[in-house]
Amino acid sequence: MSCVGALELIDRSGHVQQRLRIERLPFRVGRALDNDLVIDDPYVCAHHGEIRAHDGGPLWVDGGSQNGSFIGNQHERRERVALTSGAELRIGHTHLRFRSLDEELPAALPDPLAGSRWLGLDRFGWAAGAVVGSLLAMVSDQVLGSAQALRVGLLLSAVTPALIVLALWALAWSLVNRVVAHRFHYLGHLAIGGLGVVASNLAESIGGYVGFAFTADPWLPAWGSFSGALLVSAVIFGHLRLISRGRARQLLLPAGLVGIVFLALTLLPGVGDPPFSSEPNLSGTLKPPYAALRRGRSAEQYYQDAARVFERADEAAEATAGEP
Amino acid sequence: MRLLYLLLGLVALLSSARAQDWTTEDVYTRHQASVLQVRIIDARGGAKRSIGSGFVVSDDGRLITNFHVVADFVHHPESHRAEWQDREGASGPLELLDVDVVHDLAVMQSPQLAGRAFLAVEGNLPKMGERIYALGFPYDLGLTIVEGTYNGLLEKSLYERIHLTASINPGMSGGPAVDRAGNVIGVNVASAGDQVGFLVPAQHVIGLLTRDEAATRGELMERIGAQLRANQAQYLIDLMQGEFASVALGAYRVPAALARYISCWSQTDQDDERLIDQTELSCQSEDDIFLAGDLNTGAIRYEHELRQARRIGRLRFWAQMERDFTSFYGELGGDRSKVTDFECHSDFVDDATLKRKLVVCARRYREFAGLYDLVQRQVSLDDDGRSLQSTLVLTGVDREHGLRFARRFTEAIRLERP
């Protein structure tokens, strides 16, 4: 007789451990080596049972075993079980599943990631580009921030800690990836982290220049919070996407939540507010003169507007007049 | 009140006519009962919070001391009390009648001091080099007399001060300084160390004694606020009369010493390795008004910092300028209970010669309506290879005069040669 189907040995988590084609019937199952399927389970008999040909299709027949045969997780002992495709059988502590040869298979799932650029993040080029980009961003920060003559050694030692943090960040995500999805993808996670660094520097620079050009300094903290939240969400989304390769929509929620927490931490009153200071907070932007795009006011207009700071100080004094 | 003034004047006349050239022993012996220690007691802890000196000036038990000695009692009468103690150890409570915060004086009264020997106050100033005796309780050591010489009124002072060459030490604040005739010519107020002592001229004591005293604490605080407002209006108006004195700083002209009491210093970075050429010109009034333990007021300060890129890229140069622009040096003092946070306004200002970024910040004194600290900073935006940053700090000014002065100051900063 030709092949009638296959018998699958299922492990505890439901994964197929072993699959054996049934080339001829009867097909014997047990612990003894002369069986067609040998099962190393001390609760299974030497010759536990067999699959026989029957009018209605293959039939499991228990060979008078000590511990019996069961369907799926049921508790009722069976002498015979008609095997339709997908039927599950339990002998001893072992789960078996019968798969008929004529079982209809569903069509293959469309893969949203097939040919997607996400996979491209794995490529060395992306990772290298992102690392070089973040290195440049950090170095330019250092160069702009230093009032001393430049020394390459000093610059490198200044950015090394940040690079190590970036490498560890990518490593941590890769390990999570390895545990959850059995894939490592170090370069992909490195690329995402590096792009995050580059993007946050860009956002800061853009905010600074636009804030200066249009004297929108008071909006800079809000810009920082929002762009920061957006970037954090994007980076988390990227990492999750690389791990799960699942549907993007399911990942939006956790990534968005992280962004919202970030936003809340920086914007909520009392959390981001600086404590009382006896010095004026002159934190504003100053860029080269050519970046000052807005036309200035006349001194007359300026001091009319500036009078508002006295009103605001009065309001602050009156609002908390009763407090000790 | 006028009677009292006349009485004081009379006593002054009589005593100067009567006694010529007292010796140190005479001064000590005749004044020892009239000079007292003033103690501000922390009501909860029961021990002294601050100590100073004072002297009896009238038959009805009035006593003069420094405002800064009793400031804690003025600001927090609910948690402090004031006491006098004489050199024998006798003591009694003190009540606050009035203050002259601008000249750092307070007048107090105690019924137990009525009838005690009191000192005559002399409104005229001594002659240069005249012998003067300062009395008080330095370092809580008991009544002490210090001999020194009168060196005239300070020339470079916004607030009138007598320069006395004698050791005025902590604890003597509020004690009297008397001339050879034993009349009070000033009140010990401060020291610069090394025998350089300062006195409040006695004419301000007479001014304070001839005024009606404040009835309630609210009235007293109102009066302090009014004194501070009147004072700042006066000196700001004086400063704004005529053109601002200015000096050239690189391509710019900037306000320099605007009055005798404003002193300027300048320095240029000489480091050969420097990336940026840097010259600073900083000016400030020599003195201010004590308002509370950590809050002084009534001062003016400004500085100009000219920087030119030397061996540094333009982007880097402006990154440095941004850092300097956002940092503020020079504690202004005060805490949440005394002042609000600073509120700021920032914009570009264009005038005929110069584009600049200008920030004005103000905070209010909580106890004194209409009184603010004003900080103004501007930076030139006319050339990407250099920057002139000017900061102006006015403490204890009102809105009208503060803004007018700030605007004059801004307009006095000009580009001279592009």
Side-chain angles (χ1 to χ4, degrees), chain A residues 140-141 143-150 208 211-218 273-321 323-324, chain B residues 273 275-276 294 311 314-323 325-328 330-337 339-351 355-366 369 372 375 377 379-384 387 399 402-403 406-407 410-411:
Chain A
S140 71
D141 250 13
V143 169
L144 291 179
S146 122
Q148 265 112 51
L150 298 177
F212 176 71
F214 302 101
T215 51
D217 296 341
D273 271 3
F276 172 82
S277 169
S278 58
E279 293 173 6
N281 178 12
L282 293 165
S283 63
T285 49
L286 183 60
K287 306 291 174 198
Y290 56 74
L293 295 183
R294 248 191 67 194
R295 274 194 52 183
R297 316 198 127 240
S298 68
E300 172 85 38
Q301 289 168 324
Y302 177 87
Y303 282 98
Q304 269 172 23
D305 295 342
R308 265 183 256 142
V309 300
F310 290 87
E311 283 155 29
R312 293 211 303 268
D314 281 339
E315 281 163 23
E318 276 142 31
T320 50
E323 287 177 18
Chain B
E273 297 280 294
L275 303 177
I276 296 173
D294 61 346
R311 289 185 310 185
R314 296 295 146 93
L315 272 182
R316 246 183 112 197
F317 175 73
W318 284 93
Q320 294 304 315
M321 294 307 101
E322 181 169 51
R323 211 173 54 173
F325 185 73
T326 53
S327 21
F328 182 80
E331 243 322 275
L332 284 173
D335 59 29
R336 206 184 282 279
S337 70
V339 285
T340 65
D341 270 306
F342 274 99
E343 299 287 340
C344 298
H345 175 75
S346 148
D347 210 336
F348 297 130
V349 171
D350 289 357
D351 60 28
K355 184 181 187 88
R356 52 194 122 192
K357 178 164 179 165
L358 182 54
V359 184
V360 165
C361 303
R363 67 174 185 182
R364 211 194 86 178
Y365 292 62
R366 288 185 188 276
Y372 310 83
V375 174
R377 176 168 284 178
V379 59
S380 64
L381 294 171
D382 62 304
D383 186 322
D384 70 354
S387 119
R399 172 176 158 163
L403 276 179
R407 183 172 166 189
T410 297
E411 287 168 344

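Throughout, a chain's letter reflects where its sequence line sits, starting with A, and its residues are numbered from 1. Small disclaimer: the values here were computed from a predicted structure and weren't measured.
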**Complete:** Taken to the nearest 0.5 Å, the spacing of B:Asp384 CG from A:Lys287 NZ works out to 14.5 Å

**Request:** Please check if any side-chain donor atom of B:Glu331 sits under 3.5 Å from a side-chain acceptor atom of A:Ser278, or the reverse.
**Result:** yes

**Complete:** Rounding to 0.5 Å, atoms OH (A:Tyr303) and CZ (B:Arg407) come to a distance of 8.5 Å

**Message:** Taking side chain as everything from C-beta outward and backbone as N, CA, C, O, which of these in B:Val379 sits under 4.5 Å from a heavy atom of chain A? Side chain, backbone, both or neither.
**Reply:** side chain

**Asked** What part of B:Leu275 lies closer than 4.5 angstrom to a heavy atom of chain A: side chain, backbone, both or neither?
**Response** side chain

**Message:** I'd like to know whether the aromatic ring centres of A:Phe212 and B:Phe348 sit less than 6.0 Å apart in this structure.
**Reply:** yes

**Asked** Looking at B:Phe325 and A:Leu282, what are the two nearest heavy atoms and their distance?
**Response** O-CB, 3.9 Å

**Message:** Can you tell me which portion of B:Ile276 sits under 4.5 Å from chain A's heavy atoms? Options are side chain, backbone, both or neither.
**Reply:** neither

**Heavy-atom contact with chain A under 4.5 Å, split by part of B:Ala369** = neither

**Nearest heavy atoms of B:Cys344 and A:Asn281, plus distance in Å** = SG-O, 4.0 Å

**Fill in**
In short, A:Glu318 meets B:Arg364 closest at the heavy-atom pair OE2-NH1, 3.6 Å

**Request:** Measure distances from A:Asp314 to the heavy atoms of chain B and classify the residue's part below 4.5 Å as side chain, backbone, both or neither.
**Result:** both

**Item:** Portion of B:Asp294 that has a non-hydrogen atom of chain A nearer than 4.5 angstrom
**Value:** neither

**Asked** So, does B:Arg311 use its side chain to make a donor-acceptor pair with the main chain of A:Ala149 at under 3.5 Å?
**Response** no

**Prompt:** Do A:Glu279 side-chain atoms and B:Ser327 backbone N/O form a donor-acceptor pair below 3.5 Å?
**Reply:** no

**Item:** Side chain, backbone, both or neither of B:Phe328 within contact of chain A (heavy atoms, under 4.5 Å)
**Value:** both

**Closest-packed option against chain B by number of heavy-atom pairs under 4.5 Å, given A:Ser140, A:Pro218, A:Ala292, A:Ser298** = A:Ala292

**Request:** Assess the side chains of B:Thr340 and A:Arg312: does a donor N or O sit below 3.5 Å from an acceptor N or O?
**Result:** no

**Message:** Given heavy-atom pairs under 4.5 angstrom as the criterion, report whether the side chain, backbone, both or neither of A:Gln301 touches chain B.
**Reply:** neither

**Asked** Going from NZ on B:Lys355 to CZ on A:Arg295, what distance comes out if it is rounded to the nearest 0.5 angstrom?
**Response** 8.0 Å

**Request:** Using non-hydrogen atoms and a 4.5 Å limit, figure out which bit of B:Val360 sits close to chain A: side chain, backbone, both or neither.
**Result:** both

**Prompt:** Under 3.5 Å, is there a donor-acceptor pair between the side chain of B:Arg323 and the main chain of A:Gly145?
**Reply:** yes

**Interface moiety of B:Asp351 toward chain A, non-hydrogen atoms closer than 4.5 Å** = neither

**Asked** What part of B:Arg377 gets closer than 4.5 Å to chain A, counting heavy atoms only: side chain, backbone, both or neither?
**Response** side chain

**Request:** Report the C-alpha distance between B:Asp350 and A:Arg297 in whole Å, list the side-chain angles of each, state the deciding distance to 0.1 Å, and finish with yes or no for side-chain contact (heavy atoms from CB on, under 4.5 Å).
**Result:** CA-CA 6 Å; B:Asp350 289 357; A:Arg297 316 198 127 240; over 6 Å; no

**Request:** Report yes or no: does B:Glu322 contribute a side-chain atom to a donor-acceptor pair with the main-chain N or O of A:Leu286 at less than 3.5 Å?
**Result:** yes

**Request:** May I ask you to decide if A:Phe310's main-chain N or O and B:Glu343's side chain share a donor-acceptor pair within less than 3.5 Å?
**Result:** no

**Asked** Do B:Thr410 and A:Tyr302 have side-chain N/O donor and acceptor atoms under 3.5 Å apart?
**Response** no

**Asked** Considering only heavy atoms, which portion of A:Ala216 lies under 4.5 Å from any heavy atom of chain B: side chain, backbone, both, or neither?
**Response** neither

